[in-house]
Protein chains: 2
Amino acid sequence: MTTKLSKDRIVEAALAILDTDGSGALTFRALASRLATGSGAIYWHVADKNELLAAATDYVIGRAMSGVVGGADPREAIRAIALGLFDAIDAHPWVGAEPLQSGMVLVFEGIGGRLQALGVPDRALFDCWSALVNYILGVAVQNAANARHRPQGTERTDALGAIAARWAQLDPEIYPFMRRIAADLPGHDDRAQFLAGIDLILAGILGSPVA
Amino acid sequence: MTTKLSKDRIVEAALAILDTDGSGALTFRALASRLATGSGAIYWHVADKNELLAAATDYVIGRAMSGVVGGADPREAIRAIALGLFDAIDAHPWVGAEPLQSGMVLVFEGIGGRLQALGVPDRALFDCWSALVNYILGVAVQNAANARHRPQGTERTDALGAIAARWAQLDPEIYPFMRRIAADLPGHDDRAQFLAGIDLILAGILGSPVA
DNA sequence: ACCTGAACACCGTTCAAGT
DNA sequence: ACCTGAACACCGTTCAAGT
């Protein structure tokens, strides 16, 4: 007889399936066979598939955030938190599919605390915090969505190239900007661009504009 | 014999189902019975469910963007585009579920063109544009996700109140900021906050910081 | 060309029955 | 208390057969 079944072991097995074969492969039957048990047994430890996905998500986010060092400079800390989340979702694109919320308090607190440390006044705090947090979550989730919906085997650069080619063929009378920006798309660095956006928002909050 | 089946009629029926009963109710069987045909007939006009959802999404976004008036002031135009997308996704929360991309060129072009009109220099254009567009899409999509995953019948304010209550109970040693911000959560105005974030990013791009 | 609807290969979830 | 696995009520998609 093998190790007793537990929620932890189930989540662990789910993570293995999600990371190797994607969210489409996570079925209770696949899970049961990997754990050498019946599919019904899983329901003794986990309410349903939503709870399973939420637990897997929390695990990934929690691990990513625990790896983020405190750091002295609040700006650097904000960048580190943002990049930690970005990389975690990038490495596990299935994370972006369901709503995050629960595991996200660590991110929320981290960003909020640093904004206070940067001296953002009380009246502006809520708006600044929410703008930053929304940007970080939004970009990370969309990045993951792009990775998820890219046909397997397709390189990221190729996929961007295809989009850029489509943009370049748009009617230049109606879409002059798309035509112009298409050239910059394939070569661009996601992470660098993500950080540039954060700096932009921080500049809006603290001064020293970009343009 | 009724009107001939067509992709347009199928998309129209799909929209009706999505808007009244949510994305869970959109099945080929439900669609077929509403159109008084066999489920296989739909496949003659539409490749699969993904194409159907993409077409429905494009329709909603296209209509929302066509309602946005040009306007003289680029800042106002940016706000109008952003709010148009925000409201469209808010009214049809199922839109945020699949990747947008295709219908999004209108938004991309609209924002990009106005940034040029505002005099953003070439070297900063790509980063500024992508930060703004990412923020707008990110917030709109997450807002829709929250609406989608809120138990039906629950009021938005109640749902936010529940989250705030959870935040208020966190350990104040570890989560001082969450405790502080919890009070602001239930009463806040999504749209106003969304606009505040856009102003913040524009301030970062153009100067005149908030703090 | 276009439509019909049964059939196929799946799902998540439940539940009587076992230990 | 915990596990088993067949059974139920669904899906998306296909396809022989019709018009």
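Just so it is clear, the model here is predicted, and its values are computed rather than measured.
- For an aromatic pair to be called close, the ring centres must be under 6.0 Å apart, and F28(A) with Y43(A) satisfies this.
- Comparing dG12(C), dC11(D), dT14(D) against the side chain of T27(B) picks out dC11(D) as the nearest.
- Atom CD1 in I10(B) sits about 11 Å away from atom C1' in dC3(C), given to the nearest Å.
- In this structure, of dC3(D), dT13(D), dC3(C), it is dC3(D) that holds the atom nearest to the side chain of H45(A).
- In this structure, Y135(B) contributes its side chain and F194(B) its backbone to a donor-acceptor pair below 3.5 Å.
- Each of I136(A), V133(A), I61(A) was evaluated against M104(A); a single residue qualifies, I61(A), per the side chain to side chain contact (heavy atoms under 4.5 Å, CB included) test.
- Base pairing of dA7(D): its partner is dT13(C), meeting the Watson-Crick or G-U wobble criterion (both donor-acceptor distances under 3.5 Å).
- Taking the side chain of K4(A) as heavy atoms from C-beta on, and the options dC2(D), dT13(C), dT13(D), the nearest nucleotide is dC2(D).
- Residue S39(B) has its side chain nearest to dG5(C) when only dC3(D), dG12(D), dG5(C) are considered.
- To the nearest angstrom, P of dT14(C) lies 14 Å from NZ of K49(A).
- Residue W44(B) has no polar side-chain atom (N or O) positioned under 4.0 Å from OP1 or OP2 of dC3(C).
- For the pair R29(A) and A41(A), nearest-nucleotide mapping onto DNA chain C gives the more 5' position to R29(A).
- The nearest whole Å value for the distance from the CD atom in E51(B) to the P atom in dG12(D) is 15 Å.
- Whole-Å rounding puts the Y43(B) OH to dC15(D) P distance at 12 Å.
- The backbone N or O of V139(A) lies less than 3.5 Å from no partner atom in the side chain of N143(A), so there is not a single donor-acceptor pair.
- I42(A) places its CD1 atom 17 Å from the P atom of dC15(C), with the value rounded to the nearest Å.
- In this structure, the CZ atom of F28(B) is 11 Å from the C1' atom of dC11(D), given to the nearest Å.
- No donor-acceptor pair under 3.5 Å is formed between the side chain of E51(B) and the backbone N or O of V46(B).
- Side-chain proximity of L5(A) to dT13(C), dC3(D), dT14(D): nearest is dC3(D).
- dG18(C) is paired with dC2(D) under the criterion used here, namely a Watson-Crick or G-U wobble arrangement in which both key atom distances are under 3.5 Å.
- Residue L26(A) is in sugar-phosphate contact alone, with no base atom involved, counting any heavy-atom pair closer than 4.0 Å across all strands shown.
- Nucleotide dT13(D) holds its P atom 12 Å from the CG atom of L31(B), rounded to whole Å.
- Counting any heavy atom pair closer than 4.0 Å across all strands shown, L52(A) reaches no nucleic acid atom.
- In this structure, NZ of K7(A) is placed 15 Å from P of dC3(D), rounded to the nearest angstrom.
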